[in-house]
Number of protein chains: 2
Amino acid sequence: MDFMTTAIVPDTLPPPVSLPRGHEAKRASILDAAGSVFCREGFAGANIDLIAAEAGVSRQTVYNHHGDKQTLFQAVVRDLTERSNAGVFATLATFPDQPKDIEADLIAFCMRLNRNCVCNREGKFLRKLMQAESERYPELFSEWRDHGPAKTWSALAARLARLAHAGYLDIDDPDVAARQFLALANADLHMTFLLGGTPSEAEVLSSATNGMRAFLRAYGTARCVAEKPQPAAV
Amino acid sequence: MDFMTTAIVPDTLPPPVSLPRGHEAKRASILDAAGSVFCREGFAGANIDLIAAEAGVSRQTVYNHHGDKQTLFQAVVRDLTERSNAGVFATLATFPDQPKDIEADLIAFCMRLNRNCVCNREGKFLRKLMQAESERYPELFSEWRDHGPAKTWSALAARLARLAHAGYLDIDDPDVAARQFLALANADLHMTFLLGGTPSEAEVLSSATNGMRAFLRAYGTARCVAEKPQPAAV
DNA sequence: GACAATTTGGACAAGGATGTCTAATTTTTT
DNA sequence: AAAAAATTAGACATCCTTGTCCAAATTGTC
């Protein structure tokens, strides 16, 4: 028996198999609160005591998990980047490769993109933190850009090129078209973003509709127009 | 010799212009430095000593001119807003109302807009300060928005409507078109803006060209295409 | 040149924030 | 139940910043 147990569970001291559940929960809670406070107050204005209070932990726990303020900030941005990128690529996977009604399908895609990627918590926070602190942390900025927007653009460009190849669109430069696609998708939301607010569902719908109609006016082919000759007014 | 020198540099000395020579110069220098520091470090991170040093005055002089940090910040934003709006409307006045070559004329206008309004010092600073602190100073934000972007949009919409009426464009909703015009004009510059940099002349040209070609593909009439059937590749 | 306003540098108090330390307490694992 | 790990509250030293005060020096005006 003794032999069995020692064999099955080697005496190599219980490897840090599973750290407490409450431990990771607190870590997440700290990152969450820190994201909110850094975003609201900026790096210099953020107060560790406030972060601790908002996370529901003691200040010492914050220091135990992440060494100092800078390290905490970097952890926050990396966490946001990771989750945001996951959301972006999940949404990109829903791009309408074989559209039945290209206008309706692109509008729906656009709304998913806006709702799940640019209007949500991670998107809002990242946008603000990057704008405010990218010069102080250039490597964080590069990380985010290379793993996020840069890939998004080329992935979207590939999707658009495929649609063009299938005859739905008439595109010279897919990379330019991809940037314009995104610019048009958000054209009506800029002021709300600047204010730090979250657009209503109606605003997201109207921005996506206006944007995609303009995009299709620019890049749609006869095939699109034939299928959808007279879009209804908003 | 003595006569010569005194004659060449007349004794008329700078005309006795009441109080301010060095006074107003110092005030401007302080606003300038404060704008730069607030923008770089954020409100909380900005240091009055640093502002004073960068302005080349003593700290006490900063306090003499503008009471405290908050008042200084508001003065900076109001100053930037005023100068930025002046630039925007001066540029709007150069909109091509009777274009000879609509594509070339719109591209040129776009470049003026980007160069003089969004890429310049005031534009860059205002964008960052608004994004960072608009929630802390909502009344400053409203002031800027109502006297700047809101008027810009409607003014641009009116110009576009006029072009449409003259047969150059085919536009349903001029307000939507105006927002899309601006979105397309800057579509290629977003990443540079986010990084806090200033786009090169080549980037501004390429962004304006790509943006206006897309805009005209969406909203141009046969009249445009007839005049400019085959735009050269970039 | 005399006079008034402005600027300067430095000292200073008050307050706030960071990060460390410790002893007590709670939670988790064995 | 006991041992180990994590958390807590609080005190604390240290540093930084804001905003004030003041005497001396500078500038510009009459």
Side-chain angles (χ1 to χ4, degrees), chain A residues 1-2 4-34 36-38 40-76 133 136, chain B residues 11-34 37-38 40-76 133 136:
Chain A
M1 283 296 242
D2 277 340
M4 282 288 288
T5 53
T6 53
I8 288 176
V9 180
D11 60 341
T12 65
L13 280 185
V17 276
S18 62
L19 281 179
R21 178 172 55 267
H23 192 66
E24 284 309 315
K26 277 189 199 302
R27 164 173 294 259
S29 162
I30 292 170
L31 286 178
D32 219 50
S36 169
V37 173
F38 276 132
R40 207 167 57 236
E41 316 283 347
F43 178 81
N47 180 316
I48 304 276
D49 285 329
L50 182 58
I51 292 174
E54 210 156 296
V57 303
S58 74
R59 178 175 62 233
Q60 187 58 49
T61 300
V62 176
Y63 282 105
N64 286 346
H65 279 264
H66 318 88
D68 59 5
K69 200 178 177 183
Q70 287 210 9
T71 311
L72 173 59
F73 180 81
Q74 293 175 8
V76 166
E133 316 287 352
R136 200 186 312 275
Chain B
D11 60 356
T12 58
L13 287 184
V17 274
S18 63
L19 255 184
R21 196 78 209 145
H23 194 65
E24 283 308 316
K26 279 189 197 302
R27 164 172 294 259
S29 162
I30 292 169
L31 285 177
D32 219 50
V37 174
F38 276 132
R40 207 167 57 236
E41 315 283 348
F43 178 82
N47 182 315
I48 304 277
D49 286 327
L50 182 57
I51 292 174
E54 210 155 298
V57 304
S58 75
R59 177 174 65 230
Q60 187 59 47
T61 300
V62 176
Y63 283 105
N64 287 346
H65 279 264
H66 317 89
D68 59 5
K69 201 178 177 183
Q70 287 210 7
T71 311
L72 173 59
F73 180 79
Q74 292 174 8
V76 166
E133 316 287 352
R136 200 186 312 274

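Source: prediction; values computed, not measured. Throughout, a chain's letter reflects where its sequence line sits, starting with A, and its residues are numbered from 1.
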Open item on the list: Restricting to non-hydrogen atoms, name the atom on A:Ala44 and the atom on B:Gly45 that form the minimum distance, rounded to 0.1 Å.
Closed with: CB-CA, 3.4 Å

- [ ] Ignoring backbone atoms, test whether A:His23 places a side-chain nitrogen or oxygen under 4.0 Å from the OP1 or OP2 oxygen of D:dT7.
- [x] yes

Task: Option from A:Thr71, A:Val57, A:Leu72, A:Ile30 for which side-chain contact (heavy atoms from CB on, under 4.5 Å) with A:His65 holds - done: A:Ile30

Open item on the list: Does the protein touch nucleotides 13-27 of chain D at the base, only the backbone, or not at all? Give it as B, S and - per nucleotide, heavy atoms under 4.0 Å.
Closed with: ----SSBBB------

TODO: Round to a whole Å and report the spacing from CD of B:Glu24 to C1' of C:dT7.
DONE: 15 Å

Task: Side-chain N or O of B:Lys26 closer than 4.0 Å to phosphate OP1/OP2 of C:dA5 - done: no

Open item on the list: Taking only side-chain N and O atoms of A:His65, does any of them lie within less than 4.0 angstrom of OP1 or OP2 on D:dT7?
Closed with: yes

Task: Distance test, side-chain N/O of A:Thr61 to OP1/OP2 of D:dT8, below 4.0 Å - done: yes

Open item on the list: When you compare the side chain of A:His66 with that of A:Val76, does any pair of heavy atoms fall below 4.5 Å?
Closed with: no

- [ ] Report the residues that fulfil side-chain contact (heavy atoms from CB on, under 4.5 Å) with A:Asn64, sequence neighbours left out, ordered by chain and then residue number.
- [x] A:Gln60

Task: Geometric class of the B:Phe38/B:Phe43 ring pair [parallel <30°, tilted 30-60°, perpendicular >60°] - done: parallel

- [ ] Side-chain contact test, heavy atoms from C-beta onward, threshold under 4.5 Å: evaluate it for B:Glu41 versus B:Asn47 and give yes or no.
- [x] no

